[in-house]
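Here the structure is laid out as structure tokens; the discussion comes afterwards.
So that the names make sense, note that chain A is the first sequence line, chain B the second, and so on, each numbered from 1. This is a predicted model, so every value here is computed, not measured.
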Amino acid sequence: GENVEQHPSTLSVQEGDSAVIKCTYSDSASNYFPWYKQELGKRPQLIIDIRSNVGEKKDQRIAVTLNKTAKHFSLHITETQPEDSAVYFCAPNTGNQFYFGTGTSLTVIP
Amino acid sequence: DSGVTQTPKHLITATGQRVTLRCSPRSGDLSVYWYQQSLDQGLQFLIQYYNGEERAKGNILERFSAQQFPDLHSELNLSSLELGDSALYFCASSVVQDSPLHFGNGTRLTVT
């Protein structure tokens, strides 16, 4: 199956700074690239996604960039706020399956 | 509210027992996925159904089985339970197979 890696596994930033999380995948057939946010004790929720025919997508303070040649995509959060503190998962889709990355625990320090 | 309903919310049972977890997908969603999340761990893909048919299997143990019924709700059956099966089990649904997943609130299983 797909080999998915996320880096870093933990990330602490000061409020107002930017955060970047990178996800690498192995299957060149992957065509859909979502990011999910999971707050403590809650369900994962989609925050942004991108398809293989697009290089970048932005939604307010959140953006995702895709490099299909290098097989990685990244989550960018600008002007971080304490409520951004959560675990973030990438989940590239190949065919019928979503393989979730190991997660990145983001802490935003007020 | 994601529109995905999972029952029960909590389940406490003993080793060796069997339990059934239930999931009702969001209205209109044909795909149902089951994931297992152990403490401080990631989401392990178990199995996927699409419109009643099994489409993909992940790291699902032989002691576990699932099915999707004609009304599209799904059940995950866990048998001969072990302490290590204690986890949060999520169900997710999507319209088609490469569209956003909508997660239920999960069933927390505790095996004692």
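Hydrophobic cluster membership is shared by A/Ile21 and A/Ile48, with clusters built from Ile, Leu, Val, Met, Phe, Trp and Tyr side chains linked at under 4.5 angstrom. Transitive grouping of hydrophobic side chains (ILVMFWY, heavy atoms separated by less than 4.5 Å) brings B/Leu76 and B/Leu81 into a common cluster. Residue A/Leu66 is grouped with residue A/Ile47 when hydrophobic side chains (ILVMFWY) are merged at heavy-atom distances under 4.5 angstrom, including chains of intermediate members. Under the 4.5 Å side-chain heavy-atom criterion for Ile, Leu, Val, Met, Phe, Trp and Tyr, A/Val54 and A/Leu46 are members of distinct hydrophobic clusters. In the hydrophobic clustering of ILVMFWY residues, with side-chain heavy atoms under 4.5 Å counting as a link, B/Val111 and B/Leu21 come out together.
Note on residues 68-88 of chain B: pairs passing ring-ring contact (aromatic ring centres under 6.0 Å, His included), not counting sequence neighbours, are B/Phe69-B/His73.
Between A/Phe89 and B/Gly42, the shortest heavy-atom distance links the atoms CE2-CA, 3.8 Å.
Residues B/Leu43 and A/Pro44 form a side-chain contact, since some pair of their non-hydrogen atoms from C-beta on lies under 4.5 Å apart.
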Here's a test: name every donor-acceptor pair under 3.5 Å between chain B and chain A, with the distance for each.
unit_1, atom_1, unit_2, atom_2, d
B/Tyr35, OH, A/Phe98, O, 3.3
B/Gln37, OE1, A/Gln38, NE2, 2.9
B/Gln37, NE2, A/Gln38, OE1, 2.9
B/Arg55, O, A/Asn96, ND2, 3.2
B/Gln97, O, A/Asn93, ND2, 3.2
B/Asp98, O, A/Arg51, NH1, 3.0
B/Asp98, O, A/Arg51, NH2, 2.8
B/Leu101, N, A/Tyr36, OH, 2.9
B/Asn105, OD1, A/Arg43, NE, 3.2

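No more than 12 heavy atoms of other residues, nucleotides or ligands lie within 6.0 Å of CG in A/Leu40, so this atom counts as exposed by the packing criterion.
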